[in-house]
Student: 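So that we are looking at the same thing, I have put the structure below in structure tokens.
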There are 2 protein chains.
Amino acid sequence: MKIEILTKSENREIQNEIIAKIRDLMNYKNLEPGDKLPSERQLSERFGVSRTNVREAIQKLEFYGILKSKPQSGTFVADIGQVAMNGMMEDILRLEEPDFKSLVETRILLELKTVRLAAQRRTEEDLKQMKMALEAYSQKVNNGEDAVQEDLLFHLAIAKASGNSTMNTFMLIITPEIITNFEKYHVCDKGMAFMGIQEHQDIYDAIEAQDPQLAKKKMKVHFKALYQYCYNI
Amino acid sequence: MKIEILTKSENREIQNEIIAKIRDLMNYKNLEPGDKLPSERQLSERFGVSRTNVREAIQKLEFYGILKSKPQSGTFVADIGQVAMNGMMEDILRLEEPDFKSLVETRILLELKTVRLAAQRRTEEDLKQMKMALEAYSQKVNNGEDAVQEDLLFHLAIAKASGNSTMNTFMLIITPEIITNFEKYHVCDKGMAFMGIQEHQDIYDAIEAQDPQLAKKKMKVHFKALYQYCYNI
DNA sequence: CAAACCAATCTGGTTAACCAATTTTTTGAA
DNA sequence: TTCAAAAAATTGGTTAACCAGATTGGTTTG
């Protein structure tokens, strides 16, 4: 177990080293937006690492929009400029694993917005999806079962109804970690789950009635216990 | 050029197909949290695709926290349960590329929060970093040069000072796309850039004075032009 | 002399063989 | 029959060879 973690962090360390080397090379060669990087083979040889490692590092930088690979052509510097590139590289290298508190803080921020947007933009199809998630949640709770997953699915349905694909993606990214931690620390006990049914229903009604302010208010009520928990750790 | 886009989307399509097949398999075999998936080789053979494709699909699901690979052991279902798993898979498969409007909307939401948090939590080191970014921006503008990158770096410095690693990560994810679009549509022309210097200074002062509400207010002023632009497309 | 063409080369992507660690099975002595 | 030890099979990760398409530089041709 410990070894697995070690190798993982080792792997991450290697990848960060390669990213740093790519950054230095780009600065040394004074590469500008649109310029071509040396080929993956050359990079792997120059850095003394495997081509797979180089590819993974490039893919990570591609994810953050700094590089762009074109098949059978090469890897190119994106149109963000050297200054921004260096600043972002620095941040990417220093990025730490998100802690639970920052996840909850971000979730609350996102959801207080998505619920308002959903109230404004929801379609009939969105309502249908939310209602299904809501009913699945009620049923589980009434059967006395754990319903953390159904809870989150209702919230994801709201995120989808918000019509903002970026926020939807971000919600998807943080949800698994939230679920894991909730089930680990038993954030949602039985009493809270029962209250949750009515709270969910209130949120749904506000969205259906297309009342953004009410929807936000009801979401705040729903998060009240969460706030308390989060700041009591 | 078009071909490249085609192959990219083709590739994405293949990956989504594999993800869907993995989902179906997990449902068929009734896999629960902690259970082991068939090996990558078996999956690639069963699905009739290369092992690389399978690995990439697994890595994507790992990114979203649904699977977890352990070296020399196997790939396991994360602790989020079947219901949440199916719901998230559905969302992941239907995820569309984020549009510019949703990016700006999300950026404004994030920054109005990070600037408040930064005002509360900023360290002396954070202030130093922000001041450097601010000065780099002023210098570029005063030289009549384009300063979109320096602008964004100042905002990233705020995100870092917020002490919320999740929001910091999310800002990093959306920044390159923002820069590209800003430079493409010339959102920041010369006049706005000059105004921007004072606006940045105001934000900095509010953060230094540890006044969250003032910081938020000044950030709103800074975003005013952006709001107008965004909703006039 | 310029434009069209073609083959050698270089590219990222893909496939297959290999590795070290782990897990399962076999084995043989107690 | 039991159970520890060893060997065989299985795993995700890594490396190296291979592929098809793009690039390039020289050659040919009008």
Side-chain angles (χ1 to χ4, degrees), chain A residues 1-19 21-22 25-26 29 31 34-78, chain B residues 1-19 21-22 25-26 29 31 34-78:
Chain A
M1 189 62 178
K2 268 191 180 173
I3 295 167
E4 183 259 334
I5 293 171
L6 193 69
T7 55
K8 274 277 178 185
S9 75
E10 234 174 55
N11 197 331
R12 185 188 175 81
E13 209 48 53
I14 289 177
Q15 202 179 93
N16 275 356
E17 275 175 34
I18 296 175
I19 289 177
K21 281 175 180 170
I22 290 177
L25 181 69
M26 288 172 71
K29 290 214 167 186
L31 295 186
D35 286 353
K36 192 164 86 172
L37 248 68
S39 72
E40 296 178 352
R41 287 169 184 78
Q42 286 179 29
L43 290 177
S44 69
E45 194 178 351
R46 181 194 293 246
F47 298 157
V49 297
S50 77
R51 202 183 141 203
T52 308
N53 287 134
V54 172
R55 287 188 112 249
E56 284 172 351
I58 289 177
Q59 279 171 18
K60 184 165 181 179
L61 292 177
E62 224 177 330
F63 173 75
Y64 283 104
I66 290 178
L67 298 178
K68 180 108 185 80
S69 277
K70 289 189 184 180
Q72 284 78 45
S73 178
T75 303
F76 299 85
V77 181
Chain B
M1 188 62 178
K2 268 190 180 172
I3 296 165
E4 183 262 330
I5 294 171
L6 193 69
T7 54
K8 273 279 177 185
S9 74
E10 233 174 54
N11 196 331
R12 187 188 173 81
E13 210 48 52
I14 288 175
Q15 202 178 93
N16 274 356
E17 276 176 33
I18 296 175
I19 289 177
K21 281 176 179 170
I22 290 178
L25 180 69
M26 288 172 70
K29 291 213 167 186
L31 295 187
D35 286 354
K36 193 165 84 172
L37 249 68
S39 71
E40 296 179 353
R41 287 169 185 80
Q42 286 179 29
L43 289 177
S44 70
E45 194 178 352
R46 182 194 293 244
F47 298 158
V49 296
S50 76
R51 204 183 136 201
T52 308
N53 287 134
V54 172
R55 277 178 68 79
E56 283 172 352
I58 288 176
Q59 277 170 19
K60 185 166 181 180
L61 292 177
E62 223 176 331
F63 173 76
Y64 283 104
I66 291 177
L67 297 179
K68 181 107 185 79
S69 276
K70 289 190 184 179
Q72 282 78 45
S73 179
T75 303
F76 299 85
V77 182

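Chain A is the first sequence line, chain B the second, and so forth, proteins listed ahead of strands; every chain is numbered from 1.
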Student: Where is the tightest heavy-atom contact between A/E62 and A/L67, given as atom of each residue plus distance?
Tutor: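 Smallest heavy-atom distance, with atoms named: CG-O, 3.2 Å.
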Student: With distance as the sole criterion, do the side chain of A/Q72 and the base of D/dG21 form a donor-acceptor contact below 3.5 Å?
Tutor: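 Per atom types, no contact qualifies.
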Student: Using the side-chain heavy atoms of B/P71, tell me which of these nucleotides is nearest: D/dT15, D/dT11, D/dG13.
Tutor: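 Closest nucleotide to the B/P71 side chain: D/dG13.
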Student: Quick one: label B/Q59 by what it contacts on the DNA or RNA (base, sugar-phosphate, nothing), any heavy atom closer than 4.0 Å.
Tutor: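 Result for B/Q59 = nothing.
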Student: Both B/R41 and A/T52 contact DNA chain D. Which one's nearest nucleotide lies toward the 5' end?
Tutor: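 Its nearest nucleotide being more 5', the pick is B/R41.
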Student: How many Å lie between CD on B/E40 and P on D/dG13, as a whole number?
Tutor: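 So the two atoms are 6 Å apart, to the nearest Å.
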Student: Does atom CD (A/Q59) have a neighbourhood of more than 12 heavy atoms from anything else shown, all under 6.0 Å?
Tutor: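 Enclosed: over 12 neighbouring heavy atoms sit under 6.0 Å from CD of A/Q59.
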Student: State which residues pass side-chain contact (heavy atoms from CB on, under 4.5 Å) with B/K60; sequence neighbours excluded, sorted by chain then number.
Tutor: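 Counting only residues at least two positions away or on another chain, B/K60 forms a side-chain contact (heavy atoms from CB on, under 4.5 Å) with B/R12, B/Q15, B/N16, B/I19, B/Y64, B/I92.
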Student: Is the shortest side-chain N/O distance from A/S50 to OP1 or OP2 of D/dT15 below 4.0 Å?
Tutor: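 For D/dT15, OP1/OP2 do have a side-chain N/O of A/S50 under 4.0 Å.
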Student: Decide yes or no, distance alone: a donor-acceptor N/O pair under 3.5 angstrom between the base of C/dG12 and the side-chain of A/R55.
Tutor: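 Looking at the base of C/dG12, it does not pair with any donor or acceptor on the side chain of A/R55 (distance under 3.5 Å).
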Student: If only side-chain N and O atoms of A/T75 are considered, is one of them under 4.0 Å from the OP1 or OP2 phosphate oxygen of C/dG12?
Tutor: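 Yes, because at least one side-chain N or O of A/T75 sits under 4.0 Å from OP1 or OP2 of C/dG12.
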Student: Of B/V49 and B/S73, whose nearest nucleotide on DNA chain C comes first from the 5' end?
Tutor: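 Its nearest nucleotide lies further toward 5', so the answer is B/V49.
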Student: Among the candidates C/dT23, C/dG12, C/dT11, find the nucleotide nearest to the side-chain atoms of A/Q42.
Tutor: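 So the side chain of A/Q42 is nearest to C/dT11.
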